[in-house]
K.L.:
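What follows is a single structure, and I will ask about it in a moment.
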Amino acid sequence: MTMFHASTEQLELIDSFTRPLEELFAPARLHKSESDYGQWVTGAEFGWFGISLPEAAGGIGLGMVEEALLFEKFGRHLVTPGFMAASLAAKTAYLCGDAALAQQILNGELPVAMARQGAPGAGVTLVDAASAKLCLVLSPQGTALFHADAVVERQPLDAAQWSIPLQSARLAGNAAAHAATQKIGADVNLLLAAQLTGIAAATLDMAVSYSLLRQQFGAPIGSFQAIKHYCTDMAMQVQAAKDMLSFGAVAVAEARDDHRFQAASALVVATRAAFFNTAKNIQIHGGMGFSAECDAHLYLKRAHVLDTLAGGLKASRAALRRETSIFGKDAA
Amino acid sequence: MTMFHASTEQLELIDSFTRPLEELFAPARLHKSESDYGQWVTGAEFGWFGISLPEAAGGIGLGMVEEALLFEKFGRHLVTPGFMAASLAAKTAYLCGDAALAQQILNGELPVAMARQGAPGAGVTLVDAASAKLCLVLSPQGTALFHADAVVERQPLDAAQWSIPLQSARLAGNAAAHAATQKIGADVNLLLAAQLTGIAAATLDMAVSYSLLRQQFGAPIGSFQAIKHYCTDMAMQVQAAKDMLSFGAVAVAEARDDHRFQAASALVVATRAAFFNTAKNIQIHGGMGFSAECDAHLYLKRAHVLDTLAGGLKASRAALRRETSIFGKDAA
Amino acid sequence: MMPEMMPEMMDESPDDFRARARRWLRDNVPTEHPPVDGPESRAYALAWQQRQFAGGWAGLTWPRAYGGRELPVLQQIAWFEEYARAHAPSTHNALFVGMNHAGPTLIACGSDEQKAFHLPKIMQGDVIWCQGFSEPNSGSDLASLRTRGEVQGDELVINGQKIWSSYADIADYQELLIRTDPASSRHHGLSWVICPMDAPGITVRPIKTMAGPAKFAEVFYDNVRIPLANIVGGLNNGWKTAMATLSFERGTASLALQISLSQRVEELIAACDDVALGETLMDLRADAAALRAMSYQFAIKSESGPVGSEGSMIRLYFAELAQRVARVAIDIFGIAAPEVLAVHGLGYDYFDAYSETIAGGTAEIQRNIIAERVLGLPRGSR
Amino acid sequence: MMPEMMPEMMDESPDDFRARARRWLRDNVPTEHPPVDGPESRAYALAWQQRQFAGGWAGLTWPRAYGGRELPVLQQIAWFEEYARAHAPSTHNALFVGMNHAGPTLIACGSDEQKAFHLPKIMQGDVIWCQGFSEPNSGSDLASLRTRGEVQGDELVINGQKIWSSYADIADYQELLIRTDPASSRHHGLSWVICPMDAPGITVRPIKTMAGPAKFAEVFYDNVRIPLANIVGGLNNGWKTAMATLSFERGTASLALQISLSQRVEELIAACDDVALGETLMDLRADAAALRAMSYQFAIKSESGPVGSEGSMIRLYFAELAQRVARVAIDIFGIAAPEVLAVHGLGYDYFDAYSETIAGGTAEIQRNIIAERVLGLPRGSR
């Protein structure tokens, strides 16, 4: 039977697979420590870095549908983009035939950080890299895996501002990639979209809970139409992002003709959903939402970091423009 | 004393000057006849075409502040853009030294239609031109006054669709302008902004009245927060457009250094106000707002016609870009 | 007349089904443009429905017992996608109420007699249905409606007025929601009735819209007598029946429209060379893809049981996307271009798009419903 | 210390006034960046206020009797424009409450003694004021506040808690709104009190915000004793006094910020080469111009009598414009650029902008107020 969406079985599997997140990755942890590298080995032990790689290669042997669902959960819990770096790095190494390197990444021996380069020769933005041994660089040219030392001239940006360590840096001129591929662009888009979708979903949940709890004018604020409509708009963003993600992930998993179009759409939809929902969530929380103690701003900031790793919404739109819709004029 | 806004006296003067509008130009008239040319001589007799021209030239001898206020009223009453054409045509003729032509326009002997040309040699969109003897063509090159015969190859568009006669046409290759100027760009922007502001204000009034009247769920819909917030947003659009118009008109009247910047800003603000408010007014009126019997759609359609005469919002923004704000970097 | 039955249909693959749909559409889609209103639009819509039925493409998900094909909803979607791709006449035509409201409601709540009599007529393109829910003072507040039906013997005597009844002037039947228990209030005591439009006492006054065509009408009822047997879902149980109808409308009924919206976006992308609008168009492209993904999800879920108010979300998402698309179209083409208005009833008409957030319950009411039923936020005053 | 008094000020032309302001600012604006919070921000703000006062630029519209200049509000605007143009320190600093809330409230409602004691101190840069209106359970619903003041002899004994009190940790005085009639409810029975922040029983707990600096604080009151003479505008008449304060805030208090917003837009225009963002920037440029036009209109009207709730519209327009500007800035520069965050308290900080539609009453409540008081729409439940 043709699949179009994640199945109930896949959803349940990932639910059980990600149960440790609740305890180990409560978003509030970021008020104290901005880096998740203390949990790196844990991530490796749970098999989270190789969910869509074959078991023979040291992976879990599932597919991109499961991986997208996993990273949606990671988004909800604001798990470091390093985990995405690890998964994509292992895949890059594996696809380039370096099974040993892939295995080391999957084992957690070589922590990976993620960086974005806008154009060849341009600087990179490096995320959560202090303990990283490898660096996965995303650029319009594809995905390339470098030794961490290849990223030089690191200038730290104030970590407290973005609730995660950020650096602006440069790729050393003579740096050679361990592995590089142009083939996993759709995977990259899906994992970014998944995390952004998770952020949109988590902030919707936060907003609805708070709207039921918070009383003003003698009633829960969720009974006021303005708040209701904000929440509805957030829910529509989530529904669109989730279904688009699921649809796109199945298209990638089944290698359908339109899989790159669907994955690029998922990223554009999820990015906008995350920005819309994180901002509305702050507004609904009022003064509390603006305080550092509240989790609300953590989601907003992470959305910006993920969008930066995607190259920015403008770049995501440009990537979508390069694809052909199945409903394009020439499709008939 | 330095003036920044229209004075109470100016507002009252224009109120009395435009009293006939209520009777002669009720917006609902457009359900029956789309053209106002039957009222052409009336407009001339009231002196509406020459309000800012000197009395010696046959005008009323007031300034651009009064003219902007007059055209705001015209916008409210959906008066044909032909009246704007007449005023700008008379001014163009006057500035080019053709006092006789200006006088004939002011007398109402030579009805004027307005057309927009996007670029030299491109086609024009012609508005309400059936009885016109002259045609005022707006283009990025300025304002040019032609004999109506110079506008050829007229293809009528369905008048019922836009509630005013529209034609696509072409300026004859050998057509020579009776008069042309680049000096009244700010006046053009102000008159367009004024009418669009009037539309925004009229639809706000309609929306508020209907919100007080229409009952659903046992209460006037204006007591529901969603409707309240729509109305508030509309009111903010009107406040911004009106104050910007008044401020811009005074800047033009006093020939201040920043007058072109202010007039261009007025057009951009008023265009967006008109589109926002006409659309929200339809939504607030519900099914009634979508019916042809209701006036709501007349305002939306006229906003589109005026925006088309302005060359489109994109062109209005581009015009604003060419000006320097007094707060620009080089201003300090 | 029985539809042509292809022997291979029983076990053909999804790809084969699609290919067969595409071939048939290529050979059968009318080349002339559909009339926008009046008797011509009736004749055109019925003829096209008859042709689809004869080809075996009508009632794909309807019960076999009444001439349907009882196929999985994903086949229905595939058909709609090919339908839109072939630029076939908009499904938002005079057949819409019959095929997407009344038919599904009868399937869900009708008696065997009602189904046996009406479903084949609808599917075969013999009749036009119209809706009779809204009233002048009950626009978004459907539960406040006041048109009344008095039980007299085995008949209902109906008096009152409906409004926004689309295609009422050319319809054979109306799905009519009325108050049958005079002591009742709000959503109690209503009944959903099959009203023959030729019944004595009915007056139809078409309403012209801002978009031009008179697709809507007011309908006046002056002692209109209808047999009690025409009640669907039980006397005074009309709210439940009506909600079934609305959930169809809000779910999959607009699928073909949603898909043709994607197509429209692609046309605009091809026609637009403006950089700023180009970015807007990419958002629209992605959102149209998301709408498709949502519709598939809804359709898949609806096969394994009743689905909730998520259909309202899809309906609203579609409505607002359609308006954004229409707005970009006018920004690209300008007001003088034929690409903007009256684009042959394909739902692309700029003015028509204004009705998307009004008809079938305003966007504001839809948002309340979603907030309360999907998100569980407390009812407040509106 | 008396401000330097220029003899030509009495009859100088608006242009001369401006030119003189420009010269003074060129020579006096501090070159070091303002500290964002804590004692350093107090010292910096007071020093800068003292310098302005010495230069004759403080309290331009304040009464002459208390050391003000009693100039027309258009002069004040001209000063703010030159102030912003000179990139002088943001007026949204620790002096804001004193200069824009408490000071104007005392001018409007204070006793002669209160004015004589406090206005010079504020103007001369001797003291910092903070606001004490919001409570944990009374955010947007100010009338529901519960911090109580019990009259005992010639004192009030205050118990309760305030929140979102900006600069409370470095303030000398607080404008404190409390419930003084225990039997009262809603906006009856409140009093507006001058609370010395060194009174025994006060505890201040700074709150860090998502933008970083701890500009806000919670303030706890444990049997804090304040003389009845510190009540402004009369016992149990605090709502009216507070509304006076709010109308100042919503009117002209943000003028300098509004003007610096225009400047910010011009910086972005100069820095941006993206076509799509360039169109957005033109809308922002026009809207900033409109905001200036609205502020001028409001100021002119406010000179000929009390102005209504239009100030709320300007405040809200500013708040949402500031957020749009901040958003475009981050789109232009990216998250790694210093141009986006902590831009020296000029109100350009991207994160700070999120508070614009929250602080001083959420945008939603502002919209209700405008709809009801300006447009005359009926109160409903929220």
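Throughout, a chain's letter reflects where its sequence line sits, starting with A, and its residues are numbered from 1.
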K.L.:
Looking at Asp257(A), I'd like to know if its CG atom is crowded, meaning that more than 12 non-hydrogen atoms belonging to other residues, nucleotides or ligands lie closer than 6.0 Å.
P.N.:
no
K.L.:
When only pairs under 4.5 Å are counted, which of Pro220(A), Ala6(A), Cys231(A) shares the most heavy-atom pairs with chain C?
P.N.:
Cys231(A)
K.L.:
Is it true that Thr357(C) and Glu320(C) share a donor-acceptor pair across their side chains at a distance under 3.5 Å?
P.N.:
no
K.L.:
Working note: His304(A) + Thr278(A), criterion side-chain contact (heavy atoms from CB on, under 4.5 Å); need CA distance, chi angles, decisive distance, verdict.
P.N.:
CA-CA 10 Å; His304(A) 276 291; Thr278(A) 53; over 6 Å; no
K.L.:
For the interface with chain C, which of Gly248(A), Ala240(A), Ala266(A), Ser211(A) has the highest count of heavy-atom pairs at distances below 4.5 Å?
P.N.:
Ala240(A)
K.L.:
Side chain, backbone, both or neither: which part of Ala235(A) has a heavy atom under 4.5 Å from chain C?
P.N.:
both
K.L.:
Counting only heavy atoms closer than 4.5 Å, note whether Lys314(A) contacts chain C via side chain, backbone, both or neither.
P.N.:
both
K.L.:
Checking heavy atoms, do the side chain of Leu375(C), its backbone, both or neither come under 4.5 Å from chain A?
P.N.:
both
K.L.:
For each of Pro378(C), Ala290(C), Pro72(C), tally heavy-atom pairs with chain A at distances under 4.5 Å, and name the one with the top tally.
P.N.:
Pro378(C)
K.L.:
Counting heavy-atom pairs under 4.5 Å to chain A, which of Arg292(C), Arg26(C), Glu364(C) comes out on top?
P.N.:
Arg292(C)
K.L.:
Based on non-hydrogen pairs under 4.5 Å, which of Val268(A), Val250(A), Asp233(A) is most in contact with chain C?
P.N.:
Asp233(A)
K.L.:
Where do Trp24(C) and Phe17(C) land on the ring pair (Phe, Tyr, Trp, His ring centres under 6.0 Å) test, with the steps shown first?
P.N.:
CA-CA 11 Å; Trp24(C) 187 88; Phe17(C) 176 84; over 10 Å; no
K.L.:
Does Lys280(A) make a cation-pi contact with Phe276(A), if we ask for NZ or CZ under 6.0 Å from the ring centre and within 45° of the axis?
P.N.:
yes
K.L.:
Between Thr197(A) and Glu72(A), do the side chains contain an N or O donor and an N or O acceptor separated by less than 3.5 Å?
P.N.:
no
